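Worksheet: the structure to be examined is printed underneath.
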Amino acid sequence: MKRVQFAVLAATAALILGACGSAGDDENPVDTKVDDNAASQFEDGTAMKAIAESGKVRIGVKFDQPGLGFKSAGDDQPAGFDVEMAKIVAAKLGISADKVEWVETISDNREPFLQKGTVDFVFASYSITDDRRKVVGQAGPYFLTGQQLLVKKGSDIKGVDDIKGKEVCSVTGSTSLKQVEEKGAKARGFETYSQCRDQVLDGGVDSMTTDGSILLGYAALNPDELEVVGEPFSEERIGMGYSQDKPELCQFLTDTIQEAMDNGDWAKAFEGTLGKSGAETPTPPTMDACA
């Protein structure tokens, strides 16, 4: 497991360092075939059939996470590993990437967006947890990572054992805040990761926490001032979100991503986004069975 996390984190750092400022301009690493007659493959009355027949799908992704889900002002579409997974699912429904309605999603609105039908799916560094599965559907995981700490260089925080009594920020609604609070830190939530990062730079908080893959991206943007410290102290199982009112979507999502893992498209997606540095492609995780 540690080898996989290391490969993911190292790849992310190299990607950001090598492509800083151009995230979101990436080509399509997976040549996904869009099924021209997808609706005929699904049973009547299912959510898959309804989406395929409509020719429209709304997918929630992050717009501020280079390598995972990123979209700058001049881009037509977001780019990143999460986005590639979403495009594979859309293609299975007969919908090409340029026909997808990409909806900017932040950590705090992922469950409300799914519950209210604002989006059909969420692919937004969405950790699978028991609490979330009480209110929304989550399939996967399709990706593994781990929580770490971002600090100003020279900080006396060298790892998770040093955060007791310190102010540590992340985005509101994330599992990361709960994790550091349980370890004795004073948790502070912000709407975006960039706001949290700015607080670390200004000295307003002592540290920022979330998945190490995200933190390395921010450290790479401020290499003289910020650094990621300590070993991962959690395992984040990144999955796909869907509405509990459409339980049939779980098996569809699981089968579609498993097929991508088996036929090499998952690896192509990683290598074309997080793995652009040439780092070793991790072994795909084993996905949970649908209830």
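All of these numbers come straight from a predicted model, not from anything done at the bench.
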Hydrogens and angles aside, do Ser125 and Gln65 bring a side-chain donor and acceptor to less than 3.5 Å of each other? yes
Rounded distance (nearest 0.5 Å) linking atom OG1 of Thr281 with atom NZ of Lys268: 12.0 Å
If you round to the nearest 0.5 Å, how far is CZ of Arg188 from CG of Asp206? 10.0 Å
Give me the atom names and distance for the closest heavy-atom approach of Cys169 to Leu177. C-CD2, 4.0 Å
For the student: nearest non-hydrogen atoms of Lys153 and Asp224, plus distance: CD-O, 3.8 Å
Is the backbone of Val151 close enough, under 3.5 Å, to the side chain of Ser207 for a donor and an acceptor to pair up by distance? no
Note: Thr172 and Gly189 closest approach over all heavy atoms is OG1-C, 3.3 Å
Given 3.5 Å as the limit, does a donor-acceptor pair link the side chain of Lys56 with the main chain of Glu53, or not? no
When Glu236, Glu235, Arg237, Gln138 are each screened for side-chain hydrogen bond (donor to acceptor under 3.5 Å, both in side chains) with Ser127, the one that passes is Glu236
For Leu68, which of Asp82, Thr145, Ile238, Val83 qualifies under side chain to side chain contact (heavy atoms under 4.5 Å, CB included)? Asp82
Pair Phe252 + Phe42: ring centers closer than 6.0 Å: yes
If you measure only the distance, is there a donor-acceptor pair under 3.5 Å linking the side chains of Asp98 and Ser96? yes
Donor-acceptor pair, distance only, cut-off 3.5 Å: does the side chain of Arg110 make one with the backbone of Ser107? yes
Atom CD of Glu191: over 12 foreign heavy atoms under 6.0 Å: no
Regarding Glu111 and Tyr126, do their side chains bring together a donor and an acceptor under 3.5 Å, going by distance alone? yes
Heavy-atom closest pair, residues Val89 and Phe123: CG2-CZ, 3.7 Å
Between Leu249 and Val122, is there shared hydrophobic-cluster membership here, with clusters defined by ILVMFWY side-chain heavy atoms closer than 4.5 Å? no
Indicate the atoms forming the closest heavy-atom contact of Lys33 with Ala91, along with that distance. O-CB, 3.8 Å
Nearest heavy-atom pair of Asp64 and Thr192: which atoms, and what distance? OD2-CB, 4.1 Å
Report the relative orientation of the aromatic rings in Phe81 and Trp266; use parallel for angles under 30°, tilted for 30 to 60°, perpendicular for over 60°. perpendicular
